J.: 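What follows is a structure written as structure tokens; I'll ask about it next.
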Amino acid sequence: MTTTIAPSPVLEASGVTMRFGGLTAVRNVDLTVNSGEIVGLIGPNGAGKTTFFNCLTGLYVPTEGKVSYKGTVLPPKPHLVTQAGIARTFQNIRLFANMTVLENVLVGRHTRTKEGLWSALLRGPGFKKAEAKSRERAMELLEFIGLQHKADHLARNLPYGEQRKLEIARALASEPGLLLLDEPTAGMNPQETRATEELVFAIRDMGIAVLVIEHDMRFIFNLCDRVTVLMQGEKLVEGTSDVVQGDERVIAAYLGEPFEGAPGDEEVAEVEAAAAAAEGADASPEAGDAPAAPADEAPAGTPEAETEDAETASPEADAQGKTRTEGDSQ
Amino acid sequence: MHTLPQQLANGLLLGSMYGLIAIGYTMVYGIVQLINFAHGEIFMTGAFGGLTVYLYVLPDGISMWIALPLMLIGGALVSVLIALGAERFAYRPLRGAPRLAPLITAIGLSLALQQAVFNWYPKAKNDEVFPQIPGGPFHVGSITFGTGDIFLITAAPLCMAALALFVRSSRTGRAMQATAQDPDTAQLMGIDTNRIIMIAFAIGGLFAAVAGIAWGLKYGSIKYEMGFQAGLKAFTAAVLGGIGNIYGAMIGGVVLGLAETMASAYISNVPGMEQLGGSGWANVWAFVLLILVLLFRPQGLVGERVADRA
Amino acid sequence: MTTSTTKTTAPAAEQRGIVPLPAPFARLLVAVGAVATIASTFLAWTWDSEFPGDLTVTGYPAGLQTLALVAGALTLLYALAGYGIRGLGWLNPGGSNNPVLLAAFSAFAVVWYTAIAISYDLGGLANLEPGAVVAAVASLLPVVGALALPHPGRSLRDHIAKPDGIPAAAPLPSWAQRLIISLATALGLVVFTYGIGVNDEESETFIGLLLLVLFGSMALFAAGLFERFTELNARHKGFATTAVFLAAVIFPFTQSEDHNANLGANILIFGTVALGLNIVVGLTGLLDLGYVAFLGVGAYAAALVSGSEFSRFSGVQVPFWAAALIGMGASLVFGVIIGAPTLRLRGDYLAIVTLGFGEIFRITVNNLDGGSGPNLTNGPNGISQIPDLEIFGFNLGAAHDIAGRTIGRFGNYLFLMLLITALIVLVFNRAANSRIGRSWIAIREDETAATAMGINGFRVKLIAFALGASLAGLAGTVFAHVNYSVVPSPFQFAGAAPPNSAFLLAAVVLGGMGTVSGPLLGASLLYLIPEKLSFLKEYELFGFGVALILLMRFRPEGIVANRRSQLEFHETGQLDVPEQGLPDTTVGVTKAEA
């Protein structure tokens, strides 16, 4: 249930351009996210989506353009951006693999706590209270995403889908006003994807605006109030799901076949059938589909993108096979 | 004797030796992001290799004109073998490991090599006298040269030119450039990255051996610990020029050599720093230069070229 | 890369042993062999009393024979435990036969090493008395027998590894658990005292001790006892720490020679410096190769204000607490000066720069002798004749009688270092288990992600660096006084004797990064081994180098494995976090990302 507030811009990016030597990765992109919105950012690999994210979060300093959060222009340093209120997840999961689940979320809280070295050494009552409060909040977040029973597991040992959820919890720990999600459902089966949809809705209900990069069109069009399409660094079109889905240029270059026949339908039906039946369903139909999905997209110019596909395809296939048996044994 | 042109010449010569060693550091770092700490010792073993050929393989009293090429071959053999061995058995197994592991291995290897020579090479505990090419000294204007210098003046540019040609025009050379820029894609394109890495190590070893023999020819003696300081300075030179950039390595080397020589000679003329001249402080100035460069131009004088890796 | 999600709960099927003997016979063989080994230690092993320990006496084991006796007893215990004798079950909770093999091997190693050493030292097998031959045969039997027992497989690993899933111990009352901790600590103290007490000439005995400790520990580990002990410790953390501390306090009282207390004091100094380095390298992942310079800064600062007549400020003499603060402060300042420009750089650069600074430090103090620089540090001769500390009227230089034993100069300094070590351990623990500690580990794990979480990488790294530096400075203050003088030569990257940066790094790496006991253990080993095996002193650095290479290849997590690092360095078969990520942005970026 969304509360009706007069839409105020949480994020305003105007004229953002990112040039690397002779290559222009992002060209003159404007994007606005208002409070209470879920905005989607789609486009083929190599279109500049993650680069754009990096410009928003201070990892890259945009060659041109301005990014402001709630009216204030952001300094180009990632930790200051997070402090201001923008949190993010990463395309290739970047958890602190050898810290526990709880510790990962606690690190997320770093910017909202201030106990420094002296406080840690002296261990006064202030320190203990702050630690307890942090732990409490962290456990709340773990409950929110459903991982509280694994609080002391090493992040490295979590299955792929849970790692993605943990990354989101970690990002939420910094109490952001805007959450940037970079391909949050990569490698997930349709069941998990739907759970993630619910999660993002719940996040929006907490009052946090969301900007999400994704390739799963069903996910995007279910979730987002508005969708922006990026192609070769430029904004192609922006609007509601219907507008974007109907745009001929987008269909031709990106969506390809009509939406009803796209991979996803068969999978959903299969999963639902298998979930009702016994385990031991074959993982191969999914493994066959997973590499097909990235191949459908317009091949990007940079070889980097191709290797990313090649590399993410196999963990996707494996993860889907693995998570499938996990889901079955639940 | 110690005129400005002389100092400049000295600096240039010293710098070109640093540059030759720096090539090895920069090529390896450019491809696998590893500071091969042991490279200084590879330089040292190259020199000892050449010496061994002269002392124990060749008949006594042989003319340097015949001995020198053989010494070069011998030294190069030793250096390259050690470099390849290090790559294959110490570094390659650690390619996926966290960055600290190969770095520590390199330190260990450097220690082990240094001490191995110290402990087991006959008479290595004192300076070993290195044979000289007969002739000279020569004079050009106010500058005095030795025969060792002449060797260096010919060898260094020759090596650089050969390397530049190799990297630009040969297939392997271009494969090296590709691997240096993007190893994963290079592999997808069918380039055997293991082989490329081995070639990088081998070339580094070869150049280090040349530098080692040049050092012996120039200074007349070599010692087991010469690798540590020379190696440190050579890496400084590589960073100075721009890590990963082979031209940067030579340029950085020359700049460093000049800076070191000039500072030692002239800094005592700066008021307030009278006591800070001389060879005792030379190393300090070299490092100060490194710090300054890293502070104000971290990508080096010419610009670095490192693969983008997580 | 697929992983299995269900784990077999039953233990892996056991295979017949390598040696084809029936199992009951094999077990009996082990037991009999162990008894025979024990008996043989009472015989004379050689006629020459020159051999260390004097192994010529019948009826009285000494030196290496004692060690062999202990090894044999251990083997016997494990053999008997295999018979299911009640009361011995606690010895082998894992239930595998690997401890038997390892214990047998320890006895075998000690005995055969002794026999070989005797022959080698005295020039020929003829120097062995029949007793030694009996021992050799006797110690071979248990090994053969143990190899005939069932093991999980045929590979080497199957014969020495600890089985997974050690069952939890039956709960004991608290007092019993604490008693066990105390006993274990006492055992550790005994071993350590024995080790330190080995006469410098008797390096063979020390080697035997090393063999016994190595294989004996492996046996205990394979039995699962280490795991159980760790659990006990975790439950009684405060008590365990106090027990170790007490053991360290007792140690000087056990020594009749002050020299060994000197060793102890130095071990503590280097151990604490290694602990400081552990914060920088182990927790935060910053490779500092010039760390010893901070020790030097602290030492020189303390020396300068110690009142020594060689000090530039010879009129100044400050009380210890002030000297300590000055030492720490000076190192802190240097730490910030070095860290501020370099911590923004790529990690590899930091290594080189710190190495450079280490060298610069040494060269500078060497040159500041009035000739090639203003006379601040008295050049290569350093500042000597540093007077002893006096704390609250207690002169550390003089021997004191406490509890009936004479505690000499080094004993006094040992106590002082103990207090300081305790302080530093406290600092380490408190810092590591806090918000700042987590941020250090996060930076080490993935700096890009850490900054995305709001951690100011540079600031956090600088704090770690500065803290590490000040701790080294504190240790340096005591170092100056313990050694009477401070000279430039030890403060190099690699040198014959500690301290030097290579030694410290090796101690941290060998001991185990990120743990408290790791660096202390590493420092002890690396200090003691060259001391006791003096014939190795020349090859010590070579040994360091080789050890570092081998360690990184086969056991990068070190001896005391931080559970984290063990998982970090070894494939565990779990689905891995993909390595690909954003490019390093500390220096200019040259490519676009999708």
Side-chain angles (χ1 to χ4, degrees), chain A residues 20-21 23 25 45-51 54 57 59-60 78-79 82-83 88 90 92-99 103 106-108 110-111 113 115-117 119-121 123 127 131 134 154 156-157 159-160 163 170 174 300 302 304-305 308 311-312 314-315 318-319 321-322 325-326 329, chain C residues 1-6 426-427 429-439 441-446 448-460 463-464 466-467 514 562-569 572 574-583 585 588-594:
Chain A
F20 299 108
L23 177 71
N45 271 336
K49 307 188 295 294
T50 302
T51 309
N54 293 345
T57 55
L59 225 49
Y60 295 164
H79 68 275
T82 310
Q83 207 169 43
R88 72 169 293 171
F90 291 90
N92 300 60
I93 302 177
R94 296 191 93 141
L95 287 174
F96 305 120
N98 297 301
M99 297 175 90
E103 283 171 340
L106 282 173
V107 173
H110 184 99
T111 191
T113 49
E115 283 63 40
L117 180 65
S119 175
L121 292 180
R123 299 263 158 145
F127 177 83
E131 278 284 299
S134 283
L154 282 183
R156 190 184 186 90
N157 293 338
Y160 196 81
Q163 284 182 345
R170 188 181 64 170
S174 62
T302 49
E304 178 85 354
E308 271 183 24
E311 293 215 17
T312 47
S314 28
D318 289 336
K322 181 182 197 292
T325 39
E326 285 261 324
S329 47
Chain C
M1 183 177 73
T2 43
T3 48
S4 55
T5 47
T6 46
L426 186 73
V427 166
N429 273 328
R430 286 194 167 180
N433 295 318
S434 71
R435 174 179 172 265
I436 189 91
R438 283 192 294 266
S439 66
I441 300 176
I443 291 276
R444 184 195 71 194
E445 290 284 308
D446 187 339
T448 310
T451 50
M453 294 304 122
I455 297 176
N456 183 344
F458 171 68
R459 187 163 173 274
V460 154
I463 293 177
L467 179 64
N562 187 350
R563 207 169 126 248
R564 277 198 190 105
S565 339
Q566 192 146 38
L567 288 167
E568 191 173 343
F569 283 112
T572 56
Q574 297 281 355
L575 188 60
D576 236 321
V577 174
E579 273 300 326
Q580 239 190 354
L582 300 164
T585 52
V589 180
T590 53
K591 286 175 57 216
E593 228 5 76

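Treat the numbers as computed from the prediction; the structure is a model and nothing was measured. Naming: A, B, ... by sequence-line order, numbering from 1 per chain.
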J.: Among the options C:Ile436, C:Asn456, C:Asn433, pick out the one with the most heavy-atom pairs lying under 4.5 Å from chain A.
T.: C:Asn456

J.: Please give me the minimum heavy-atom distance between C:Arg438 and A:Glu131, naming the atom from each residue.
T.: NH2-OE2, 3.0 Å

J.: Contact part of C:Asn429 toward chain A, heavy-atom cut-off under 4.5 Å: side chain, backbone, both or neither?
T.: backbone

J.: How close do A:Leu117 and C:Ala431 get, counting heavy atoms only, and between which atoms?
T.: CD1-CB, 4.1 Å

J.: Where on A:Thr57 is there a heavy atom nearer than 4.5 Å to chain C: the side chain, the backbone, both, or neither?
T.: neither

J.: How far does CG of A:Leu106 sit from CE of C:Met453, to the nearest 0.5 angstrom?
T.: 13.0 Å

J.: Looking at C:Thr451, C:Leu467, C:Ile463, C:Val460, which one has more heavy-atom pairs under 4.5 Å with chain A than the rest?
T.: C:Thr451

J.: Measuring from C:Leu426:CG to A:Leu121:CG, what's the distance to the nearest 0.5 Å?
T.: 8.0 Å

J.: Taking C:Arg430's backbone N and O only, do any of them form a donor-acceptor pair with A:Arg123's side chain (distance below 3.5 Å, no angle check)?
T.: yes

J.: For the residue pair C:Ala452 and A:Phe90, what are the closest heavy atoms and their distance?
T.: CB-CZ, 3.6 Å

J.: Could you check whether C:Glu445 pairs with A:Arg156 (Lys NZ or Arg NE/NH1/NH2 to Asp/Glu carboxylate O, under 4.0 Å)?
T.: no

J.: Of all the heavy-atom pairs spanning C:Ser434 and A:Phe127, show the shortest one and how long it is.
T.: CB-CZ, 3.7 Å

J.: When you check the side-chain N and O atoms of A:His110 and C:Arg435, is any donor under 3.5 Å from an acceptor?
T.: yes

J.: Please step through side chain to side chain contact (heavy atoms under 4.5 Å, CB included) for the pair C:Asp446 and A:Phe96, ending with a clear verdict.
T.: CA-CA 7 Å; C:Asp446 187 339; A:Phe96 305 120; 4.2 Å; yes

J.: So which heavy atom on C:Gly454 is nearest to which on A:Thr111, and how close?
T.: CA-CB, 4.1 Å

J.: Given the options C:Gly437, C:Ala450, C:Ala449, C:Ser439, which has more heavy-atom pairs under 4.5 Å with chain A than any of the others?
T.: C:Ala449

